[in-house]
Amino acid sequence: QTCALPIYEILNLLKYKNIKVFISCGTQDKDCFSLARKFEKSAAENGIDIKKNWSKGLAHDIPKDFQTILRQYLNENEV
């Protein structure tokens, strides 16, 4: 399923609402990694507070230590 909003509208909404973004993706994820990197670059260029976690060698899966990674992000950003 695709998103109904164009990317520039999503980026504008994130910026307008001051929404912090955390993105996590495996470097071997053939479906999502290149798109995740493009999104991260576009978000940063548009002044959106975005943090990333690129899991080396991981394909389309959740990192085993994802809870730890997410907790660390949440603690650092007081979310």
Side-chain angles (χ1 to χ4, degrees):
Q1 184 176 5
T2 59
C3 182
L5 293 175
I7 188 68
Y8 68 88
E9 287 187 29
I10 294 169
L11 293 172
N12 285 339
L13 182 63
L14 291 170
K15 186 172 182 176
Y16 174 75
K17 297 216 175 223
N18 198 30
I19 296 172
K20 296 178 180 182
V21 177
F22 176 72
I23 189 167
S24 181
C25 190
T27 60
Q28 299 301 311
D29 187 331
K30 294 178 181 166
D31 297 319
C32 299
F33 186 57
S34 64
L35 292 174
R37 289 190 62 173
K38 287 178 186 177
F39 179 77
E40 185 253 336
K41 181 180 178 191
S42 294
E45 288 172 351
N46 282 278
I48 295 165
D49 184 3
I50 186 164
K51 302 288 189 261
K52 65 189 179 300
N53 174 64
W54 305 137
S55 296
K56 292 187 183 214
L58 189 68
H60 194 79
D61 205 352
I62 297 172
K64 291 181 182 181
D65 59 344
F66 183 70
Q67 287 184 351
T68 302
I69 293 167
L70 187 57
R71 271 194 204 107
Q72 180 179 358
Y73 168 77
L74 293 172
N75 289 337
E76 289 173 0
N77 291 280
E78 300 176 15
V79 177

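Annotation: Leu13, atom CG; neighbour count of heavy atoms from other residues, nucleotides and ligands within 6.0 Å is above 12.
Closest heavy-atom contact between Pro63 and Asn53: CG-ND2, 4.4 Å.
Here NZ of Lys52 is found 10.0 Å from CD1 of Ile23. Values are rounded to the nearest 0.5 Å. The line from CD of Gln28 to NZ of Lys56 is 10.5 Å long, rounded to the nearest 0.5 Å.
Looking at Phe22 and Ile69, their side chains come closer than 4.5 Å, going by heavy atoms from C-beta outward.
A donor-acceptor contact shorter than 3.5 Å is absent between the side chain of Asp65 and the backbone of Thr68.
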Could you go through residues 33-49 and list every donor-acceptor pair under 3.5 Å that involves a side-chain atom there, pairing it with any protein atom two or more places apart or in another chain?
from: Ser42; atom 1: OG; to: Lys38; atom 2: O; distance (Å): 3.1
from: Asn46; atom 1: ND2; to: Ser42; atom 2: O; distance (Å): 2.7
from: Asp49; atom 1: OD1; to: Lys51; atom 2: NZ; distance (Å): 3.2

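Residues Leu58 and Phe66 are members of separate hydrophobic clusters, defined by side-chain heavy-atom contacts under 4.5 angstrom among Ile, Leu, Val, Met, Phe, Trp and Tyr.
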